[in-house]
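The first residue in the sequence is number 1, and the count goes up from there. Side-chain atoms are counted along with the backbone in the values below, which use heavy atoms only and exclude waters and symmetry mates.
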Amino acid sequence: MLIFDADDTLWENNVIFERVIDEFLAWMARPDLDRDGVRAVLDGIEAANAVTHGYGSKVFLRSLGECVARLRGRAATQEESARISGWAAAFDVDRVELIPGVAETLAELARRHELLLLTKGDAQEQQRKVAASGLTRHFRGVHIVAEKDVATYEELKRTYALIPEATWMIGNSPKSDILPARSAGLNAVFIPNDHTWVLEHGELDPADGKVLRLSAFGELLRHF
């Protein structure tokens, strides 16, 4: 069984957020607080909101508003709120940009193995992206969860009677894909993405022989 992450593993996602953040930092930077300083404040707000409100573009825009309030020392004005709301259009798309090699690699892997899709975030938003990807037919099941933690992987093990040594979690996020899957006893494949969200970073054990490190999605065919 091969379990696939979605955002930034099958299609580009965080690069869209980073483009908005780049504009936001340019807007909010000031002589006494540069772009790095603004980003540090925003990262802290996003981390807190992820725990309380989850993930997705709506929570992200909320975080931008809270960051404005934090830095300005007051609630966002109507004009500022309108500017933030305008960025919602960046996430309102009817297609996704598949990462090179994904379509053909998944098609081949689906002939050899059973595949699952596991993604976290706002259910409606993630379902829209899954549908837009055109990849649904390859998966035995699609699971959209609020958080990808050890309990999530344990639940998948029970649901599908997974054999841990024959199951691999494939993704770009150490925090959500690799570390919790390993803690649940599954194997893992780490495929880094240059645009991975900073809050999804994490340290992997270089001595862990149950984590396969690849540089491109298409390399999966050499191993599975």
Side-chain angles (χ1 to χ4, degrees), residues 1-24 42 45-47 49-66 81-107 109-110 114-149 151-153 155-156 159-160 169-173 175-177 180-181 191-200 217 220:
M1 178 74 78
L2 304 181
I3 309 171
F4 289 87
D5 168 51
D7 291 339
D8 297 316
T9 296
L10 301 183
W11 53 75
E12 297 288 3
N13 177 67
N14 198 54
V15 66
I16 302 172
F17 289 82
E18 290 297 331
R19 289 168 187 157
V20 173
I21 289 173
D22 188 61
E23 294 181 25
F24 180 79
L42 178 60
I45 291 172
E46 285 198 275
N49 279 339
V51 173
T52 306
H53 303 291
Y55 305 91
S57 62
K58 293 178 183 177
V59 178
F60 170 68
L61 295 174
R62 177 191 183 117
S63 295
L64 295 186
E66 291 182 8
S81 295
R83 183 166 184 172
I84 292 170
S85 296
W87 278 314
F91 308 99
D92 185 19
V93 296
D94 58 2
R95 66 181 184 86
V96 294
E97 180 186 347
L98 295 183
I99 289 173
V102 162
E104 54 269 37
T105 300
L106 275 185
L109 289 174
E114 286 192 299
L115 312 184
L116 295 176
L117 182 64
L118 175 64
T119 182
K120 71 178 182 180
D122 178 82
Q124 183 177 7
E125 190 168 26
Q126 293 304 100
Q127 185 57 56
R128 176 183 57 80
K129 287 188 283 187
V130 170
S133 74
L135 301 174
T136 311
R137 66 186 184 278
H138 298 310
F139 299 102
R140 176 179 172 184
V142 173
H143 296 266
I144 300 172
V145 297
E147 187 59 85
K148 290 160 73 175
D149 51 20
T152 301
Y153 292 96
E155 179 63 25
L156 278 183
T159 299
Y160 292 95
M169 177 62 200
I170 300 162
N172 69 292
S173 167
K175 176 180 178 289
S176 295
D177 302 325
I191 308 176
N193 184 309
D194 290 341
H195 302 292
T196 296
W197 188 24
V198 63
L199 298 184
E200 291 293 334
F217 196 88
L220 287 166

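For the salt bridge (Lys or Arg N to Asp or Glu O under 4.0 Å) test, residues two or more places apart in sequence or in another chain that qualify with Glu155 are Arg158. Checked against side-chain contact (heavy atoms from CB on, under 4.5 Å), Thr136 has the following partners two or more places apart in sequence or in another chain: Val130, Val142. Qualifying side chain to side chain donor-acceptor pair (under 3.5 Å) partners for Thr105, counting only residues two or more places apart in sequence or in other chains: none. The salt bridge (Lys or Arg N to Asp or Glu O under 4.0 Å) search around Glu125 returns none, not counting sequence neighbours. The salt bridge (Lys or Arg N to Asp or Glu O under 4.0 Å) search around Lys129 returns Asp7, not counting sequence neighbours. Under the rule for a ring-ring contact (aromatic ring centres under 6.0 Å, His included), the partners of His143 that lie at least two apart in sequence or sit in another chain are Tyr160. With sequence neighbours excluded, no residue satisfies ring-ring contact (aromatic ring centres under 6.0 Å, His included) with Phe139. In terms of the side chain to side chain donor-acceptor pair (under 3.5 Å) criterion, Asp8 has no residue partners (sequence neighbours excluded). Residues passing the ring-ring contact (aromatic ring centres under 6.0 Å, His included) test with Phe217 are Phe4, sequence neighbours excluded. For Glu12, there are no salt bridge (Lys or Arg N to Asp or Glu O under 4.0 Å) partners, not counting sequence neighbours. In this structure Trp197 satisfies the side chain to side chain donor-acceptor pair (under 3.5 Å) test with no other residue, sequence neighbours excluded. Every residue two or more places apart in sequence or in another chain that forms a side chain to side chain donor-acceptor pair (under 3.5 Å) with Arg140 is listed here: Glu114.
A donor-acceptor contact closer than 3.5 angstrom links the side chains of Glu200 and Ser176.
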